[in-house]
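Notes for the one structure printed next.
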Amino acid sequence: MSNTIVALSTARGRAAISVIRMSGDNAIDIAKQFFHPFPKEPNMLKVGNLRTEHFDEHAMCVYFSAPHSYTGENTVEFHCHGGTAVAQAVIETCLSHGAVMAQNGEFSKRAFINGKQNLSNAEGIIEMIDAETVSAAKAGANLLENKLGKRIVALQDKLLDIASACEATLDYPEEDLEGATVESAKKQLKEISDELSALLSTATLGKVAKYGIDVAIVGKPNVGKSSLLNALLGTDRAIVSDIQGTTRDTLTESVNYRDIRFNFVDTAGIRESDNEIEIEGVRRAKKAADNADVVLHVTDDPNDRSVYPTIRPQVRIYNKSDLFDNQPCCVDSLVVSAKYGDVEIVKETLYEMFGANDIETSDLLITNERHLDCLKQAKQQLAETIADCDKTTLDVIANEIGGIRDTLGQITGTNASEDLINRIYSKFCLGK
Ligand SMILES: Nc1nc2c(ncn2[C@@H]2O[C@H](COP(=O)(O)OP(=O)(O)O)[C@@H](O)[C@H]2O)c(=O)[nH]1
Ligand SMILES: [Mg+2]
């Protein structure tokens, strides 16, 4: 028998309404003691009176009967007036009638335990809640819809077929029926490896959809880096001045462009200096460039053909075009005036450079590092098994295939440790 948990499921603080949720065997019985008239049927939101210790609250109530609820347990929701005090009074009422406070993510963890969701679904919910762009939310929704889970189960089924064929050959070597030869096992394993590669290859775009693109703006002092940042953001975020060395620290600010998040980092102008603070600023600027997905190398000299020393992709920006007599013409470069002109071309160039257009049409993107790690590990194990096909026996191969299936099972949670499950659910908000 599960105890009954309660928590505020909407955000804390001043708001129009608050939703308080209870889940557990006694949730309905507890609610009936202080909400009148209690809804006669499940899934129907009813207006009524919620008697707290201090005041009567005119609220709405809905209940869901196990197993037809988010958690798979009896669940009751109260939709009350918003604000801190009302929610607190309602929660205290639930507690005084036998409920206990929920832990972070406990509703969702119960949904997992009751088979209502798998681990990758849960991670999809977190991604949706954290999403700051529609693309990021869509990636989360795909996980929640179990698109990845279904692909994983299909791969596991294929692996099981191969392993069973290996075992059939071992058990009945004389019967030339369904059994596997090493050759056919190898061929099928290679097909699975290709499917894993295809999934893995979506991770780059998945990162763009989920986190956006990290862009470092670097160059010599006074070329207009901070002006460019401001123009890109459309606000006066960074201090702009004709005094060299104005920007000392790095400054990160994000903006959405065509539903992609661009995380721009303005940096200190790179030059030799004796000043301790400026030396640190330059060190941070170089670090920002090293950590970025792409570097905007800004110059205000139309004859400058220098390349910023980095292994990251870079785009040279000729700024202050309003002062140029002759327009520089260089491939992979952009000519802008941060002060007087339009800089949307910078965002559009980066958007195309990262293939962000494909996000909308993509069916499934790998957006979660844990899934990526599991897929990489499974692919590595597959490579080893394929190599083993030439040197070992079918029983060893069948055994190794079992190991690959387990690795894939970690994605959906069929093979996840208690620790991992707790770690994932602890990332949820209270009340989710
Ligand atoms: N004429 C012109 N001046 C600019 C342009 N962009 C920046 N500046 C000026 O260049 C100076 C240095 O700009 P700032 O953005 O602080 O450069 P940073 O040191 O690279 O960050 C300031 O006086 C800006 O007003 C531009 O497109 N055209
Ligand atoms: Mg600056």
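Just so we're clear, the structure is a prediction, and the values are computed from it rather than from any experiment. Every number for a ligand or one of its atoms is a count from 1 in the order of the listing.
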Which protein heavy atom lies closest to [atom], and at what distance to 0.1 Å?
atom: atom 10 (O) of ligand 1; result: K320 NZ, 3.1 Å
atom: atom 19 (O) of ligand 1; result: N222 N, 2.9 Å
atom: atom 6 (N) of ligand 1; result: N319 ND2, 3.2 Å
atom: atom 24 (C) of ligand 1; result: V240 CG1, 3.6 Å

Between K220 and T299, does any side-chain donor sit less than 3.5 Å from a side-chain acceptor?
no
Ring centres of F34 and F78 under 6.0 Å apart?
yes
So between A268, S227, S337, whose heavy atom ends up nearest atom 15 (O) of ligand 1?
S227
Hey, looking at atom 26 (C) of ligand 1, which of K225, Q244, K339 has the closest heavy atom?
K339
P67 backbone acceptor or donor facing K116 side chain under 3.5 Å:
yes
R261 to Y211, cation-pi by 6.0 Å centre distance and 45° axis angle
no
When you measure from the centre of the six-membered ring of Y70, is the NZ or CZ of K432 closer than 6.0 Å and no more than 45° off the axis?
yes
Quick one: does A338 get within less than 4.0 Å of ligand 1, heavy atoms only?
yes
Proximity to ligand 1 by part of [X], non-hydrogen separation under 4.0 Å:
X: D322; value: side chain
X: S241; value: backbone
X: L323; value: side chain

Within the structure, does [X] bring an N/O atom to less than 3.5 angstrom of an N/O atom in ligand 1?
X: V336; result: no
X: Y340; result: no
X: G224; result: yes

Could you check whether any side-chain heavy atom of R316 comes within less than 4.5 Å of a side-chain heavy atom of V307, counting everything from C-beta outward?
yes
Flag S226 as yes if one of its N/O/S atoms falls below 2.8 Å of the Mg ion (ligand 2), otherwise no.
yes
Closer than 2.8 Å to the Mg ion (ligand 2): does that hold for any N, O or S atom in T247?
yes
Does the pair K138/E360 count as a salt bridge with the N-to-O cut at 4.0 Å?
no
Testing L233, V343, D266 for side chain to side chain contact (heavy atoms under 4.5 Å, CB included) with L228, which one passes?
V343
Sequence neighbours left out, what pairs pass salt bridge (Lys or Arg N to Asp or Glu O under 4.0 Å) with at least one residue falling in residues 100-110?
E73-R110, E106-R110
Please list, in number order, the atoms of ligand 1 under 4.0 Å from a heavy atom of S226.
15 (O), 18 (P), 21 (O)
In this structure, CG of L143 is separated from CG of L364 (nearest 0.5 Å) by 7.5 Å
